[in-house]
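For reference, the structure is listed below as structure tokens.
Just so we're clear, the structure is a prediction, and the values are computed from it rather than from any experiment. Chain letters run A, B, ... following the sequence lines, proteins first and then strands; every chain starts at 1.
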There are 2 protein chains.
Amino acid sequence: MTENRQPATGAKRGRKRSEESRQAILGAAFELVDEVGYAALTIEGIAARAGCGKQTIYRWWPSKAHVLMEALAAEGELGVTTADHGSYAADLRAFLRDTFRLGGEPRIAGLLRVLIAEAQIDPRFGEVFRAGLLERRRDALRVVLDRAGERGDLPSRPAPDTVLDIVFGVLWYRLLAIPQPLDDALADDLTATLAPSAGGPA
Amino acid sequence: MTENRQPATGAKRGRKRSEESRQAILGAAFELVDEVGYAALTIEGIAARAGCGKQTIYRWWPSKAHVLMEALAAEGELGVTTADHGSYAADLRAFLRDTFRLGGEPRIAGLLRVLIAEAQIDPRFGEVFRAGLLERRRDALRVVLDRAGERGDLPSRPAPDTVLDIVFGVLWYRLLAIPQPLDDALADDLTATLAPSAGGPA
DNA sequence: TTAATTTCGAACCGTTGCGTCTCGCATTAA
DNA sequence: TTAATGCGAGACGCAACGGTTCGAAATTAA
């Protein structure tokens, strides 16, 4: 064990981590996975394209999936949109359209697909992925639901947790099962189903 | 190319395929994936446990995922339940409960998870999996929806295709994203949302 | 300035499983 | 019988893993 001579607050001793290498690695991984596919993606290949040694990757990431997850966060900034549009239906509709548009980007969609796949196969990565991505998205939608609850705007029928399951369920199912366009029509159909007060009378 | 000397109807020449080996392989794969996990599952390991040569596996299946998909069909018989219960709500409720109960079996759930994961990573297997499993399940639920349509029992609000996406979306999302029990309460909540005529007045 | 610490790129190596191939034997139709 | 096919077993070359070691460079505390 290294003895603890540093002051409790950071200020480590030696050479700093190279931000340049970090970005080169993330960029190389993002490009390569698109060119050769996830199965053929290798740490050695990433290192070669990034112009760094394998060890520099192994030092900071436990697997290629971890690299890609960080690359996803770096390249496709996940804009969480939970602005207040005045009503539950409007909020939900906006959330769905934005989320679907993001999930419709082919590069993003491809990454999401292989990452959730790897999360099933590698339990260690699964934890990171669930906490770092899936739960965050659920939290974002929960903001919308909580606001609707305070407004008294929330239908009683599908329980809030069920709404979460339906929204993200449909999103992921379309990505994984039968790749289909994730269009606005689906978003509106879902909105009408989950927030009937919008399209109906009143 | 082998010349076509056989009569058009089967009746090949040489030794027949060993049904004993086939079942030994499927059983070994089913056991091993549970013991060591999908990532550590190897063709060599399956062959060793089944007491057969590697070639006997490679001759009949292109990958371990294909083996497991056949093992799933062999072990967990997928009972598709589309009996007529008199109303759309009752049919849907029964379908959901049965499907959820099946997906709740830990062994089955584990297999489903790794198979849809592999389908994302290996496109060749993806086609087989979508056609042989995902589409079949959609077809089963479509029977229920078509019958409801003929009865005039079908709500206008969620389009039939959207119902498919919601039902299977929630099912798969629960399996993949946040392993939760898939209980009857969820099935009933979904039924009430998709077939409101049931819980409501009239 | 100096010494300690840490990262860097590069190379090496043992292990593992893949996928192909070959062997000798068993089984079956012609 | 003869030809064709499936079988178990195992050898083979290949690719990638993942862990280690090396010298050089960079950074910071003393």
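- The nearest whole Å value for the distance from the CD1 atom in B:I25 to the C1' atom in D:dC7 is 10 Å.
- Here C:dA3 presents its C1' atom at 17 Å from CZ of A:R15, a figure rounded to the nearest Å.
- Atom CD in B:E44 sits about 12 Å away from atom P in D:dA11, given to the nearest Å.
- The phosphate of D:dG6 has neither OP1 nor OP2 within less than 4.0 Å of any side-chain N or O from B:S21.
- Atom NZ in B:K16 sits roughly 10 Å away from atom C1' in C:dT27 (whole-Å rounding).
- If you check residues 46-55 of chain B against DNA chain C, the residues with a heavy atom closer than 4.0 Å are B:K54, B:Q55, listed by number.
- Between B:R22 atom CZ and D:dC7 atom P there is a gap of 12 Å when expressed in whole angstrom units.
- Counting heavy atoms of neighbouring residues, nucleotides and ligands inside a 6.0 Å radius, atom CD of B:E20 does not exceed 12 of them.
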Stepwise side chain to side chain contact (heavy atoms under 4.5 Å, CB included) check, B:H85 with B:R93: CA-CA 10 Å; B:H85 293 80; B:R93 189 181 141 101; over 6 Å; no
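- Nearest-nucleotide positions on DNA chain D place B:W60 closer to the 5' end than the other of A:T42 and B:W60.
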Residues B:F30, B:R107; criterion side chain to side chain contact (heavy atoms under 4.5 Å, CB included); working and verdict: CA-CA 9 Å; B:F30 189 74; B:R107 311 278 281 246; 3.5 Å; yes
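- Under a cutoff of 6.0 Å and an axis angle of 45°, B:R17 and B:W61 form a cation-pi pair.
- Counting only residues at least two apart or in different chains, ring pair (Phe, Tyr, Trp, His ring centres under 6.0 Å) contacts with residues 132-171 of chain A are absent.
- One can place CD1 of B:I57 at 14 Å from P of C:dT20, the figure rounded to the nearest angstrom.
- Residue pairs that meet the ring pair (Phe, Tyr, Trp, His ring centres under 6.0 Å) test with at least one member in residues 103-151 of chain B, sequence neighbours left out, are B:H66-B:F125, B:F125-B:F129.
- Taking atom CZ on A:R17 and atom P on D:dT28, their separation rounds to 16 Å, with Å as the unit.
- Atom OH in B:Y58 sits about 14 Å away from atom C1' in D:dG10, given to the nearest Å.
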